[in-house]
Amino acid sequence: MGPLLCLLSAAGFGAMSIFGKFAYDAGVTPSALLLVRFTMAALLLAGLLAIRPAARPGTRTVITALALGALGFATQATLFFEALRVMDASLLSLILYTYPLMVTAAAVLLRRERMTRNRALALGIASAGTLLVLLGAGAGTLSPAGAALGFGSALTYTVYILVSDRVLHRASPVLLATLVMTGAALALAGKSLVTGGVDLGFSAAGWFWAACIAVVSTVLASLTFFAGLRRTGPSTAAILSTVEPVITTALAAVLLGEFLTPAQLTGGVLVLASVAVVQLRPRRPGVPVVPPRSTVDSR
């Protein structure tokens with residue numbers, strides 16, 4: 001169930017670039033899109049939490065989760081969209097998707113997880129596949145400033161995943177997502193006040209695409225990611241998330257008329273293969289595989 005939840009999350013996040021492109025065409029600016037995205041997501045999650053209350057968390061958990069949103073998620077999104085202004089999307093995505101390697105390396109160094117053969121193999125295949133998918137779109141001009149922002153986005157997301165993995169042991173996915181989105185919304189609202197505000201006078205089409213990002217690519221994507229992370233661990237969740245650029249590329253081909261190249265198709269196959277590899281379990285010779293008695297997460 002954990003890998004499936006991570007893949008559903010990847011589908012939601014993968015669609016965000018497409019929604020964002022339509023939103024920009026409707027006159028929405030990046031700063032306005034980020035503020036609307038996180039504010040709407042926080043309100044929707046708060047409503048869901050009101051319907052299905054979770055156990056009251058401790059003060060430390062609340063502060064950590066709010067900081068995850070304000071210093072983690074909001075910062076990562078801001079760095080990404082600022083980098084997007086000065087460099088090609090394909091190269092930026094290539095830089096961003098160095099984070100699975102960062103997460104896996106950090107999890108091993110912190111002794112949270114072991115570098116198993118399957119995990120190393122899946123990471124290598126996923127990285128190679130992502131490289132082919134993104135480079136298949138064609139190389140663009142590499143901006144040193146954009147590259148620095150892109151690596152900053154990847155590093156921020158690495159820390160975000162590792163800290164989220166710890167907080168999930170003290171809060172439910174719905175509660176954690178609510179606090180994270182609230183923290184991000186408050187941080188971006190504060191930024192808009194300091195910088196003179198944002199223009200929210202865009203068309204109804206702009207609000208529609210912003211809502212799609214809030215509901216599909218933020219609320220649903222974050223809930224399924226946290227639920228999947230809770231079951232799989234940080235490195236596996238990060239590796240499975242490399243499906244995101246494949247989904248983005250496929251949606252761009254269908255909705256925007258951007259056809260896949262042979263290199264992109266090959267890369268997509270490799271990324272999907274890594275999803276299968278990461279789920280393989282080592283088997284001792286002569287020992288039959290026995291199905292688990294229960295599928296209930298005990299954590």
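Leu162 and Leu240 fall within the same hydrophobic cluster, defined by Ile, Leu, Val, Met, Phe, Trp and Tyr side-chain heavy atoms under 4.5 Å apart, directly or through other members. Follow the hydrophobic side-chain contacts under 4.5 Å out from Val167 and you never reach Ile63; the two are in separate clusters. Val62 and Leu186 are not part of a single hydrophobic cluster, where members link through side-chain heavy atoms under 4.5 Å apart. Val103 and Leu71 fall into different hydrophobic clusters, where Ile, Leu, Val, Met, Phe, Trp and Tyr side chains are chained together by heavy-atom contacts under 4.5 Å.
The shortest distance between side-chain heavy atoms of Met16 and Glu244 does not fall below 4.5 Å. In this structure the side chain of Ile213 never reaches within 4.5 angstrom of the side chain of Val36, judged on heavy atoms. Residues Cys6 and Thr224 are not in side-chain contact: their nearest non-hydrogen atoms beyond the backbone lie 4.5 Å or more apart. Using a 4.5 Å heavy-atom cutoff, the side chains of Phe22 and Cys212 are not in contact.
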Please set out all donor-acceptor pairs under 3.5 angstrom arising from side-chain atoms of residues 176-185, sequence neighbours excluded.
from   : atom 1 : to     : atom 2 : distance (Å)
Thr178 : OG1    : Val174 : O      : 2.8
Thr182 : OG1    : Thr178 : O      : 2.7

Under 3.5 Å, which donor-acceptor pairs link side chains of residues 39-60 to any protein atom two or more places apart or in another chain?
from  : atom 1 : to    : atom 2 : distance (Å)
Thr39 : OG1    : Leu35 : O      : 2.7

Could you tabulate the donor-acceptor pairs under 3.5 Å formed by side-chain atoms of residues 151-161, not counting sequence neighbours?
from   : atom 1 : to     : atom 2 : distance (Å)
Ser153 : OG     : Gln76  : O      : 3.2
Ser153 : OG     : Gln76  : NE2    : 3.1
Thr156 : OG1    : Gly152 : O      : 2.7
Thr158 : OG1    : Ala154 : O      : 2.9

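Separation of atoms CZ (Phe80) and CG (Leu34) is listed at 10.5 Å; rounding is to 0.5 Å. Expressed to the nearest 0.5 Å, how far CZ of Phe13 lies from OG of Ser222 amounts to 4.0 Å. Atom CD1 of Ile247 is separated from atom OG of Ser17 by 11.5 Å, given to the nearest 0.5 angstrom. We find the CG-CG distance between Leu270 and Leu132 to be 6.0 Å, quoted to the nearest 0.5 Å.
Shown here for Gly206 and Val28, the closest heavy-atom pair between the two residues is CA-CG2, 3.6 Å. Residues Phe202 and Gly27 come closest through the heavy atom pair CB-O, 4.0 Å. Considering every non-hydrogen atom in both Arg166 and Arg170, the closest pair reads O-NH1, 3.9 Å. Considering every non-hydrogen atom in both Arg37 and Ser217, the closest pair reads NH2-O, 3.7 Å. Closest approach of Ala70 and Thr75 over heavy atoms only: O-OG1, 3.6 Å. For Gly150 against Ile95, the heavy-atom pair with the smallest separation is C-CG2, 3.5 Å.
Side-chain atoms of Ser9 never come within 3.5 Å of backbone atoms of Leu5 as a donor-acceptor pair (strictly under, hydrogens ignored). At distances below 3.5 Å, not a single donor-acceptor pair connects side-chain atoms of Thr218 with backbone N or O atoms of Val215.
Think of Leu149 as one node in a network of Ile, Leu, Val, Met, Phe, Trp and Tyr side chains linked at under 4.5 Å; its network also takes in Leu79.
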Candidate pair Tyr24 and Thr29, rule side-chain contact (heavy atoms from CB on, under 4.5 Å), full reasoning: CA-CA 6 Å; Tyr24 290 157; Thr29 63; over 6 Å; no
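Aromatic rings of Phe73 and Phe38 (six-membered ring for Trp) have centroids within the 6.0 Å cut-off, being under it.
Applying the salt bridge (charged side-chain N to carboxylate O under 4.0 Å, His left out) test to Arg112 and every residue at least two apart in sequence or in another chain returns Asp165.
Counting only residues at least two apart or in different chains, side chain to side chain donor-acceptor pair (under 3.5 Å) contacts with residues 186-214 are absent.
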